[in-house]
Structures are given as structure tokens and as C-alpha cells.
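Atoms within each ligand, like the ligands themselves, are counted from 1 in listed order. Computed from heavy atoms alone, side chains included, the values below leave out hydrogens, waters and symmetry copies.
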Amino acid sequence: MGTDLLFVVGARPNFVKAAPLLRAVARRTGFGATLVHTGQHYDASLSELFFRDLELPLPDLRLEAGSGTHAEQTAAVMRGLEPILIERRPACVVVFGDVNSTLAASLTAAKLCLPVAHVEAGLRSFDPSMPEEINRRVTDCVSQLLFTTEPSGNENLAREGVPGERVHFVGNTMVDSLREALGAARKLRGRVLGDLGVEPGGYAVLTLHRPSNVDPPEALRGLATALTPIGERLPILFPAHPRTRGRLAATPDAAQALDAVPRLSIREPLPYLEFLGLMDGARLVLTDSGGIQEETTVLGVPCLTLRENTERPITVERGTNRLVGSDPRRIAAAALHSLAGERQPPPEPPPLWDGCAAERIAAVLSDVFTT
Ligand code: UD1
């Protein structure tokens with residue numbers, strides 16, 4: 001075994017970003033790879049089924065950190081990872097995105113003086129109330145190698161004084177996964193849409209999981225108001241994150257308000273390929289996810305982001321994504337406007353969103369860490 005890289009993943013979007021890189025690294029000689037799953041996401045629908053669809057190797061080590069407050073979850077990952085890093089002393093710890101597992105792993109590695117490589121560095125929402133914004137900033141601060149997905153990432157890091165030689169603009173490994181999986185997702189699509197009782201181009205998809213959108217009961221009631229005129233036009237499929245389902249179970253009046261929305265169907269989270277096929281065939285997507293803003297840009301599907309800001313401005317510049325905040329009237333008006341227009345062809349993809357980002361990262365890792 002050659003130089004050992006240790007990859008840390010914990011939550012659904014991490015798996016999508018890591019899969020192509022693990023394959024690109026495996027294709028190169030001179031590397032050993034250890035995959036650590038923190039257990040931040042543990043439900044089969046958020047974890048195991050993603051490993052299957054993305055053809056990820058099973059984790060070498062599992063930390064079983066589970067859920068909790070931010071401090072509890074971050075601490076559980078740090079405590080689990082520290083002895084592994086002390087024992088193995090990998091050449092580099094590779095982390096992805098902006099979840100609590102990313103922050104915990106990068107801090108633990110940095111304090112042991114191990115190099116950290118951050119995939120999806122430099123994104124900034126400039127909204128300190130988002131836990132992800134804190135995770136991104138801290139992770140970038142302690143990383144030696146910063147792999148960026150879009151020009152705004154390069155600009156943000158330069159403004160923060162990160163030396164240019166640490167920053168590598170490589171594109172988006174989430175898009176590598178999408179391009180690899182789209183053929184299979186389209187093959188499955190007929191069955192998936194048939195099971196859901198919808199026609200290609202004849203439905204909207206909704207995903208919501210951010211605390212600001214699902215924790216306050218009034219936010220969920222406002223959502224029901226926004227969705228009503230949309231449901232009058234077309235069916236809305238809502239594969240709901242467990243956190244969102246939990247909030248609905250805890251706030252019966254909000255659940256009732258959503259129940260009353262015409263043709264809104266709340267479902268279990270879908271595995272990667274099924275969800276990709278569902279997005280690809282949608283007339284409209286409403287979301288507060290970061291990754292879905294990017295995926296809809298590549299697919300050319302109109303996306304309304306239920307947030308006031310985005311750390312992924314390229315998706316807005318490309319014209320597929322619109323920020324509509326949380327005001328029900330604004331959301332409904334934007335949705336009806338989008339439904340009234342013609343569906344546009346997909347825009348030119350952002351630079352380097354070409355399916356080769358993981359290869360570029362593997363090439364840099366190879367330059368830096370193999371002799
Ligand atoms: C996390 C990330 C978020 C990312 C999202 C993708 C952080 C701060 N947030 O949010 O950036 O967009 O993943 O899905 O890291 N739960 C389950 N089963 C699971 C996992 C979670 O039931 O397998 C429930 C638990 O009630 C848990 C809650 O969901 O407390 C929140 O989970 P958590 O991992 O803290 O954050 P996410 O909302 O998933």
C-alpha cells in the first residue's frame with residue numbers, strides 16, 4: 001500500500017461528492033484509501049441506499065456518531081476520529097462540503113498537524129445563522145488544499161487571504177456523479193413516475209430540511225399557503241427528510257395545513273437514482289438544498305430556492321435558479337410565473353462542471369502526496 005488518504009463522509013450530500021473521487025483515486029497507483037463514515041446520517045434512506053446507487057465501497061470504519069445538538073454531534077465525530085488519525089497518520093484527510101462531519105474531521109486532523117483537503121471549498125452564503133456557513137469557513141481556515149467548484153469560491157478565498165497556491169479550481173464532483181448516473185436514472189424513471197402516478201414534465205418536486213424552513217410551525221403553515229395555488233396547477237411530490245417528518249409529527253396544525261394542499265404528496269426520502277430521475281422529469285423544483293440548486297442547473301430544470309441567499313451564485317447567474325425566500329406570496333407568484341413560461345433548454349454548464357472534477361482532484365493529490 002502506498003500513501004494513505006483518509007476520506008471522511010457523514011451525510012447524504014457527502015456520499016454524492018465522494019463517490020467519483022474514491023474511484024478516481026482507486027484508478028491511480030501509489031494511493032491507499034481509507035473510508036470513514038461518521039454516522040451523521042444513519043437511516044437507510046439517507047445512507048445505505050446512497051452507497052448502493054453510487055457504487056461506493058463499504059466504509060472501512062464507522063464512528064456511529066448519530067444525531068444530537070451541534071456540539072454533541074461535532075464532538076462525537078471528533079472523539080471517534082481522533083484515535084483513528086493518531087494510529088494511522090494518513091498523508092491527508094479529505095473532507096467534503098459543509099456538514100457537521102466536515103467541520104469535526106477537519107478540526108481533528110488539523111490539531112494533529114495532518115494536512116486537510118477540502119472538496120467544495122470557498123462557497124459563502126455570508127449568512128452566519130446557517131450552521132453550514134460556520135462549517136465552511138472553519139474548514140477552509142484549517143485546510144491545506146482547497147478544491148473549488150465555481151468562480152465565486154476562488155474569489156471568496158482570495159478575499160479572505162488564502163494563498164493562491166493552495167486553491168485549485170477543479171469543478172464539481174457532485175456533477176461528476178450526476179453525469180455518471182443520469183443514464184441509469186432515466187432508465188428507472190418510467191417506473192418511478194408510474195409508481196408515483198405522474199407524467200414527465202407534469203409535476204413539481206419539493207424538498208425542505210433547513211431548520212429555518214421546517215422548525216418554526218409558522219414556517220410550515222406559510223409553506224402550505226404558498227403551495228396551495230401550485231397544487232391547483234399540478235401535483236407536488238415532497239420526499240421529506242426525517243427531520244421534516246419529525247417536525248410535522250410534532251406540530252399537528254402545520255401537518256393539517258399541508259394535508260389540505262391539493263395534490264401534495266409527502267413521501268419517504270428517495271434513493272439517489274430515483275430522485276435524480278424525478279428531478280430530471282420535473283416541471284419545477286422547490287427546495288432549500290444546496291446540491292439541488294446545482295443539479296437543476298445541469299439538468300436545466302427551473303428551481304425556486306426557498307432561501308434569501310445562496311452560497312452557489314453561479315446557479316442564479318445561469319438562470320435556472322431563483323431565490324424566493326420564505327414569503328408565501330412571493331413563492332407562489334414565482335412558481336406560477338415559472339409554470340406560465342415555456343421550458344427553456346438547459347443553459348451552458350458552469351465552467352468545469354464536465355464530469356472530470358474528481359480526476360482533477362486526484363491529479364493534484366497525486367502531485368502533492370506521491371513521490
Ligand atoms: C445535514 C447537514 C445539511 C445537509 C443535510 C443533507 C449539518 C449541520 N447539516 O442536515 O447541511 O444539507 O444534512 O441531508 O451538518 N435524522 C434521522 N435520520 C438520519 C439523520 C438524521 O432521522 O439518518 C434526523 C434526526 O432527527 C436529526 C435530524 O434529522 O436530529 C437532523 O439531522 P442532522 O444530521 O443533524 O442534520 P440534517 O438536517 O440532516
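Here the shortest heavy-atom distance to atom 15 (O) of ligand 1, taken over N135, D98, N100, belongs to N100. Nearest-residue assignment for atom 20 (C) of ligand 1 (options H241, H41, H70; heavy-atom criterion): H41. Which of M130, R210, E132, R12 comes nearest to atom 9 (N) of ligand 1 through a heavy atom is settled by distance: it is E132. Between atom 10 (O) of ligand 1 and the options H209, E72, E48, the minimum heavy-atom separation is to H209. For atom 38 (O) of ligand 1, the choice among R247, Q40, R136, R243 with the nearest heavy atom turns out to be R243.
Nearest to atom 22 (O) of ligand 1 among the protein's heavy atoms is P242 CB, 3.1 Å. For atom 16 (N) of ligand 1, the nearest non-hydrogen atom of the protein is Y42 OH, 3.6 Å.
One finds the CG atom of N172 at 8.5 Å from the CD atom of E295 (value rounded to the nearest 0.5 Å).
Evaluated for a side-chain contact (heavy atoms from CB on, under 4.5 Å) with F96, the options V119, V8, V16 yield exactly one hit, V119. The side chain to side chain donor-acceptor pair (under 3.5 Å) test with R124 is passed by exactly one of N309, D140, T310: D140. Residue E132 is tested with R312, R307, R210 for a salt bridge (charged side-chain N to carboxylate O under 4.0 Å, His left out); the sole match is R210. Partner of S101 under the side chain to side chain donor-acceptor pair (under 3.5 Å) criterion, chosen from Q40, H41, H37: Q40.
Using a 4.0 Å cut-off to heavy atoms of L46, the atoms of ligand 1 that qualify are 19 (C), 20 (C), 23 (O). When each atom of ligand 1 is checked for a heavy atom of S67 under 4.0 Å away, the hits are 21 (C), 25 (C), 27 (C), 30 (O). Set against the non-hydrogen atoms of P13, the atoms of ligand 1 under 4.0 Å away are 6 (C).
For V99, heavy-atom contacts with ligand 1 shorter than 4.0 Å involve the backbone as well as the side chain. Contacts with ligand 1 closer than 4.0 Å are made by no heavy atom of P211, backbone or side chain.
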Go through the steps to decide whether D43 and R245 satisfy the test salt bridge (charged side-chain N to carboxylate O under 4.0 Å, His left out), and finish with yes or no. CA-CA 13 Å; D43 283 2; R245 297 187 85 88; over 6 Å; no
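Applying the side-chain hydrogen bond (donor to acceptor under 3.5 Å, both in side chains) test to residues at least two apart or on different chains, the pairs with a partner in residues 9-27 are K17-E120, R23-E180, R27-E359.
Atom CD of E160 sits in a crowded spot, with more than 12 heavy atoms from other residues, nucleotides or ligands closer than 6.0 Å.
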